[in-house]
Number of protein chains: 2
Amino acid sequence: MPRKTITDVARLAKVSTSSVSNVLNDRSTRMRPETRDRIQQAINKLGYTPNLAARQLKTGYSPFIGLIVPSVADPFFGIFARLVEEAALARGFQVLLGNSDRDTGREQRYAEVLWRSGIRGIIFGSSLIHSTHLESLIDKGMHCIAFNRPHLGNDRYPIDSAGVDNVQATRLITKHLLALGHRRIGFISGPIDPVSRTDRLQGFRVTLQEAAIDPDEELVWDGPADNFGDTSAIELGRQGAHYLLSKAERPTAIIAINDMHAFGVYAGARDLGITIPAELSITGIDNITLADVVEPPLTTVQQPIRDVTRLAVERLISRLEESSIQPPVHVMLSPKLIVRTSTAHYQKNKTL
Amino acid sequence: MPRKTITDVARLAKVSTSSVSNVLNDRSTRMRPETRDRIQQAINKLGYTPNLAARQLKTGYSPFIGLIVPSVADPFFGIFARLVEEAALARGFQVLLGNSDRDTGREQRYAEVLWRSGIRGIIFGSSLIHSTHLESLIDKGMHCIAFNRPHLGNDRYPIDSAGVDNVQATRLITKHLLALGHRRIGFISGPIDPVSRTDRLQGFRVTLQEAAIDPDEELVWDGPADNFGDTSAIELGRQGAHYLLSKAERPTAIIAINDMHAFGVYAGARDLGITIPAELSITGIDNITLADVVEPPLTTVQQPIRDVTRLAVERLISRLEESSIQPPVHVMLSPKLIVRTSTAHYQKNKTL
DNA sequence: GTCATTTGGTATAACGATACACTTACATTG
DNA sequence: CAATGTAAGTGTATCGTTATACCAAATGAC
């Protein structure tokens, strides 16, 4: 069954292909209504749909944007991807999704494929600090928007960003824990590579210093040395919990880099027979749906990702439509502390 | 910066575009090694990459397959999508992902876009019982593979499938619960629309009947009547738990249609002060990573989705490459019961 | 009644890559 | 030495669409 083309439609409606094209592109001004209807009927009768490859070749325009996330298997990025798709569809764009596994090489290869496919805009769900692997593409004319990647001083390349204030996120959490009387606070993260993690760690340290507490580097755990993203977030949280909670003087609270890591800390604490929150307070970041369901419900920070994703998509589409080169734009929204019952007052005389 | 084309390369290497094309497509037989090298250098120097739209227009071939799932925000489908992508990449294909929200209209519109984009194969992550909305596309030549959708008698359209034996999944679970002494077993599901859910419910009923227990329809909850997929799985589980556990004679065990629903049941039971597993046994299906982390760890059924996704991708690519029309193929793998501690013996004299 | 304008279209050249038929120049064969 | 073969390419039509330029007929102005 050979595919129907615009020529088939033109023949059936007894007009030129130009007229069919005019109907397809809503340029009905130059046409009598009856001609228009005749063409439309021919289109319906044949079940004709335009060939996007041909259209793209001719116009140079692609109704697709790319989205590269570490992995949609991570619930946070699953939701993130879902919202990006929703925002893009609302603006008439489809999303092409790729998982990078936080691997620069994969990220680059994906971006390359997108470029070859005629896609001129990509949203990055998590941004590595270094973007040199994307420079040649940006030079060629690729537009990039990064989630959680405000302007870096050392960065020659203009990448827009939309994100949440990560320093603020851990500030909120750390203040909350300090207010509950905690002084020995652990910090669990995967490798501190993406910008968001650096910021979160910084927010934690700065807030401690403001409270005149010297951050104990022994209480910051950032994954096994040989790990390159192949261990899952939950497993990392569990390992980190085992490490921190086996110390002679163990922390009374643990800040996990995100909710999934926090769930791993739950499991790790359980392994060691430590109760939450009586003996250990735990916090996450993201406020994914599950945070409200686990036992005890997780104190965490909500990221306004619906707004962030919408802004990111709109920014990207504007970029695609504007002709001149504009300076990068950085949007940053505020996170919000969600207090549940995984955090409690530090009790000096608790039963160990 | 106008994009580089094959003509630019040809000019720089002082050859014809035909020769450049031959290099690009590994037809080096018709060329001296030195010419080949010269062309390759020109390609590198210009940073040339072929325009896939033009290539696709000419060859009719697209190195993409489509994947339509209910929502990647659901962790199960996040992992599913991840594995499909992995299998596809290994075979040289990219994946274009869409979320259908279990809405026939959205599913159809997505499939339509994929067709227009020149994509000739789609994997469906969850299959609605009716596929009439896809028939016209299949007629045109679209190849479809469904997850969990064995041949239906009433179905005129040849859709391949790869999946897990869902009847077997609930059989395993139900037998497990029966062995633990449970007789009043609840069943919680969203709308019984996809084939997989129908099968799971059937496995449950049949196994009860084999044990000479009359299935109590009052204990089967399939969502509020006005729900059309807009409520999250967790929330549905919670609502279902509230409903079933408020009955005068409440069930002693609940089978949730999948792990996410089961987590909702955890929350619902907690709301009512019912302890797991002492007062209520709970099971899920899928064995997502979180199943091992929640408290208590969830008894569930593991789906061999790595194998299923690989088989689905391979089947689809074979379809794309074969010229003649072959009868549909159905692959079904066996699930495996994973017993954890969310299930326990039914105790007659338990404290209510 | 002539000229200018509007209406309702059409012919054709691209877009970038590939396939096929074709051309040389040289080597081999009988 | 003519005939044949082969290595190493090249010329050009083509995929399905759209943009641009063009055109014929009808209408309007004076």
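Just so we're clear, the structure is a prediction, and the values are computed from it rather than from any experiment. Note on naming: letters A, B, ... go to the chains in the order of the sequence lines (proteins, then strands), and numbering restarts at 1 for each one.
- Separating the CZ atom of R11(A) from the C1' atom of dT10(C) is a distance of 16 Å, rounded to the nearest angstrom.
- Aromatic ring orientation, F80(B) versus F76(B): tilted (interplanar angle from 30° to 60°).
- Here D307(A) pairs with R310(A) under the side chain to side chain donor-acceptor pair (under 3.5 Å) rule; sequence neighbours left out.
- Computed from coordinates, the D37(B) CG to dA8(D) C1' distance equals 15 Å when rounded to whole Å.
- Residue pairs satisfying the salt bridge (charged side-chain N to carboxylate O under 4.0 Å, His left out) criterion with at least one member in residues 11-26 of chain A, sequence neighbours excluded, are listed as follows: D8(A)-R11(A).
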In B/S/- notation, 5' to 3', how is nucleotides 12-21 of chain C contacted by protein heavy atoms closer than 4.0 Å? B-BBBBBB--
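- Checked against side chain to side chain contact (heavy atoms under 4.5 Å, CB included), N25(A) has the following partners two or more places apart in sequence or in another chain: S21(A), R27(A), R55(A).
- Listed by chain and residue number, R82(B) satisfy the side chain to side chain donor-acceptor pair (under 3.5 Å) test with S71(A) (two or more places apart in sequence, or in another chain).
- Contacts of N99(B) classified as side chain to side chain donor-acceptor pair (under 3.5 Å), with partners at least two apart in sequence or in another chain: E85(A).
- Computed from coordinates, the I39(B) CD1 to dA8(D) C1' distance equals 11 Å when rounded to whole Å.
- Checked against side chain to side chain donor-acceptor pair (under 3.5 Å), Q41(B) has no partners two or more places apart in sequence or in another chain.
- For the pair R38(B) CZ and dA8(D) P, the interatomic distance rounds to 13 Å; values are reported in whole Å.
- Qualifying side chain to side chain contact (heavy atoms under 4.5 Å, CB included) partners for L57(A), counting only residues two or more places apart in sequence or in other chains: N51(B), A54(B), L57(B).
- Every residue two or more places apart in sequence or in another chain that forms a side chain to side chain contact (heavy atoms under 4.5 Å, CB included) with T35(B) is listed here: V15(B), M31(B), R32(B), R38(B), I39(B).
- Inter-axis angle, ends of the helix from dG1(C)-dC30(D) to dG30(C)-dC1(D), five pairs per end, rounded to 10 degrees: 50°.
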Might you list the N or O atoms of the protein lying below 3.5 Å from N or O atoms in nucleotides 25-28 of chain C, with each pair's distance?
none

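- With sequence neighbours excluded, the residues forming a side chain to side chain contact (heavy atoms under 4.5 Å, CB included) with L12(B) are A42(B), K45(B), L46(B), listed by chain and number.
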